[in-house]
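Quick notes on the structure that follows.
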Amino acid sequence: MPKELEKQYNPHDIESNIYRIWTESGFFNPDNLPPRHTKPFTIVIPPPNITGSLHMGHALNATIQDILIRKRRMEGYKTLWLPGTDHAGIATQNVVEKQLKKDGTSRHTLGKEKFIEKIWEWKEQYGNTILEQLKKLGSSLDWSRTRFTMDDDYQEAVKEAFLHYHKKGLLYKAEKVINWCTRCATSLSDLELEYEEVKSKLYYIKYPIKNSKDYITVATTRPETMLGDTAVAVNPKDTRYKDMVGKTLILPIHHRDIPIIADEKVEKEFGTGAVKVTPAHDLLDAEIGERHNLPILKVIGPDGKMTTEAGAICNGLKVNECRKKVIEALKQEHAFEKEEDYTHNVARCHRCATPIEPMPSMQWFLKMKDLAQRAIEEVESGRIVFHPKRWEKVYFDWLKNIKDWTISRQIWWGHQLPVWYCMQDQTGRISNSQFPISKPMSKNENLKLSAEGGSAFGGKIENSSADEQFMVSLKKPEQCPFCGHCKMEQSADVLDTWFSSALWPFATLGWPFDFAQGKPKPGSNLATYYPTQVLSTARDIVNLWVARMIFSGMEFMGDKPFTDIIIHATVLTKDGKRMSKSLGTGIDPMTLIEKYGSDATRFGLIWQTMGNQDVHWSEEHVRAGKKFLNKIWNASRFVLQQIGISNEQFLISPPEADLPQADNQFPKSNSQNITSSDKNVLERFEHTKKTVNMHIDTYEFGHALHELYDFFWHTYCDTYLEHIKTTDKEESKKVLLYVLSESLKLLHPFIPHITEHIWAMLPHKDKKMLIIEEWPE
RNA sequence: GCGCCCGUAGCUCAGUGGUAGAGCGUUUCGUUGACAUCGAAAAGGCCAGAAGUUCGAUCCUUCUCGGGCGCACCA
């Protein structure tokens, strides 16, 4: 029994059916596109974390990319939109750890090997959730090319990149003061911190001058670190302290002698103008300490507890407990002057919000200066363009003040460094136990442990007193080149997640396997689809990810990874708050899709995307989208009636040859056989077509959609369609069908399901799919 | 401290150097061709405030206030 076309458009069955038809057509894979599709157009998706589920930002971003991809595909480009996921080192490790905790166990109980197995299991189970959700949104991704940053070949690419940097002398290993998360037990780069304003106290402490009754008062927010002070610094121009520079102070509690030094970096205006210097636990102090050759006392351990160096008073205590003890002791010594309320920013781990402890640690660093310079040049020259352009400033600000990148992490989930250590110490004994691979790091052990070092094959050691020897190698060396007989052990450290995702635009396309003699192998995916054209992403990873892809692309491919960077709006709640699952302020796009359908959801998202930094989310626009879809649906039903096919007829038999054809090129609008309102709608359509093309090409998606909405509803339906007369000529009916079908094409990138569905009902000479139909230029 | 975005109708937002628009909401009217998830119409805004440039500013400049954000500082 043929079904009547229902009065109301009901998206649900239609959308899933349409997506199935697309998938079966194979046209998401550029290899399957018809010969008309020649010039490549590539977008690689920002790989979502395997821990993630689709949020509004993803949904908006995917819609933007899908719009561009679908338009290009219709224009005849050989279009590739490449999907995949990121292993997301710390984030994933934390999520799986939490799950283990629920099950009453821990990663330490399991051990490294079992824990990593668990993560893989977890990934198999949940890791593709977000990709499935992207399908529900209608994303025309080439699923046959799905990649994961921990795929075997991707792992090879990461090792290759590390080796490349090593050979070039851009990598070094050094003990420096770095950002340490005591909960995640790993180093972090500067970009992996977030700052939070905290109301706390500024404590004033008196440091007595040796052999004198005078003292200097210093101000600090962290009195506990005074246990590791090795100097007090003042500004050289500060007249108050001019005579004191060079004198010796007696550090309270420990009663050690420490010098008064002068350093330009000290602000005269802050506090008392005198700074206690703790080179081990503050970045600025480390810098001052280095300039003045101050000793380094590590009083806080990697576990966040005070070390033996802190002395009996606090040994083994947590930082906060130690603070109380220290203040108490200072008061007893009459060294405590006062405390004041003070608000300042505290750095936290962006994955677990634990306050960061700066501390000296042996880590691997990537020299950034030259890499950054090339990344700067690509954008300065205009070879890469940000949209909106203002984001270039954020990019430049970071790159122009770049510091070396701490790339090693002490977590378990990730790309292990391809670094191999000789297991024999200098006395000739085999010392496997010195480098426990799967043993949890605890307390001070970590510092010892990460003091693994040594040099071989260009491996550079700076600042290291260790004499271990290592080599960098893609494969486990069969024989130790140092002692000749030990079983070499691989470094336990893994790489920063962003080190691997920096390779995404080319590692997903076949690098390094399809790359030889400085260029991609002819005919390879890498040759065809790299460089990509557009990258669309969120603003918070401009430097974390985008900048790093750019210098990586330049370094490994000798070419930029993309030309246009879209930094899309951030979707906030209606009152401008951050959408957050834990705060309950998040909107789940999947709920919207269930409620209104995918097309309406896409409509709602794009409708609100007008070039601002933020979108204040409002569901009413999704409802408006649903109504609009209904309007399109009914207008199409009406047109089908007008052109002489009853619904039943249409569903029973294919269109007659002499019916107006949807793929007819309509005659010029000055045709004498048409009415003035025909001419009017044709002219208005021409205008809309131009405007829409312009807006999409300049990434103004909201404007494009508004234009289409206005045209279709108010011009095509309200002023044209409402006034069609049955007595109108056949040519007028052709106009009716022509404008509908061309409008459907323009609408298709935005609301692909309904347009595809209606397209299939229109009379065609040949059945074609809208995703490969020609775009109205 | 430096910088970015924003402040236009009740709400969410467009917009232009010549005193303003959409969607939703509100009010009134309207079902003989598809759509009541509809059509026609209406009400509703000293375009945050101040000063300046200009013949003329919501639109340009500066400042102030308010909201959001980034970077730096964060002793």
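Naming convention: chains lettered A, B, ... in sequence-line order (proteins, then strands); numbering from 1 in each chain.
Within the model, atoms CZ of A:Arg602 and CG of A:Leu592 stand 14.0 Å from one another, a figure rounded to the nearest 0.5 Å. Note that CD1 of A:Ile593 and CG of A:Asp599 are 10.0 Å apart. Values are rounded to the nearest 0.5 Å. Taking CZ from A:Phe701 and CG from A:Leu60, the interatomic distance works out to 9.5 Å, rounded to the nearest 0.5 Å. Here the CG atom belonging to A:Leu193 is positioned 12.0 Å from the CZ atom belonging to A:Arg351, to the nearest 0.5 angstrom.
Taking the side chain of A:Gln613 as heavy atoms from C-beta on, and the options B:rG68, B:rG23, B:rA72, the nearest nucleotide is B:rG68.
Counting any heavy atom pair closer than 4.0 Å across all strands shown, A:Val266 reaches a base atom. Across all strands, A:His706 comes closer than 4.0 Å to no nucleic acid atom at all (heavy-atom distances). Among the atoms of the strands shown, none is found under 4.0 Å from any heavy atom of A:Thr278. Residue contacts for A:Lys574: at a heavy-atom cut-off of 4.0 Å it reaches the sugar-phosphate backbone alone, with no base atom in range. Residue contacts for A:Asp285: at a heavy-atom cut-off of 4.0 Å it reaches no nucleic acid atom on any strand shown. Among the atoms of the strands shown, only primed sugar atoms or phosphate atoms (P, OP1, OP2) are found under 4.0 Å from some heavy atom of A:Asn612.
Remark: P of B:rC71 and CD of A:Glu392 are 18 Å apart, rounded to the nearest angstrom. Summarising the geometry, the separation between CG on A:Leu284 and C1' on B:rA72 is reported as 12 Å, rounded to the nearest angstrom. Between A:Asn401 atom CG and B:rC2 atom P there is a gap of 17 Å when expressed in whole angstrom units. As a whole-Å value, the separation of A:Glu620 CD from B:rG25 P is 8 Å. Between the C1' atom of B:rC4 and the CD1 atom of A:Ile567 lies a distance of 14 Å, rounded to the nearest Å.
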Q: Let me have a per-nucleotide readout for nucleotides 34-42 of chain B, 5' to 3', with B, S or -, counting only protein heavy atoms under 4.0 Å.
A: BBSBSSS--
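Taking the six-membered ring for Trp and the full ring otherwise, A:Phe711 and A:Phe685 have centroids separated by under 6.0 Å. Close placement of the A:Tyr9 and A:Trp633 rings is indicated, their centers lying within 6.0 Å of each other.
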Q) In dot-bracket notation, what is the pairing pattern of RNA chain B, taking Watson-Crick (N1-N3 plus N6-O4 or O6-N4) and G-U wobble (N1-O2 and O6-N3) contacts under 3.5 Å, with [ ] crossing and | for other strands? A) (((((((..((((.......)))).(((((.......))))).....(((((.......))))))))))))....
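Applying the salt bridge (charged side-chain N to carboxylate O under 4.0 Å, His left out) criterion to A:Lys237, with sequence neighbours excluded, gives no partner residue.
Side-chain atoms of A:Glu333 come within 3.5 Å of backbone atoms of A:Ile253 as a donor-acceptor pair (strictly under, hydrogens ignored).
Taking the centre and axis of the six-membered ring of A:Tyr203, the NZ or CZ atom of A:Lys201 falls outside the cone set by 45° and 6.0 Å.
Dashed line: the shortest gap from a side-chain N or O of A:His616 to OP1 or OP2 of B:rC6 is not under 4.0 Å.
When the nearest nucleotides of RNA chain B are assigned to A:Leu193 and A:Lys393 by heavy-atom distance, the more 5′-ward of the two goes with A:Lys393.
You won't find any donor-acceptor pair under 3.5 Å spanning the side chain of A:Tyr342 and the base of B:rC74, going by distance alone.
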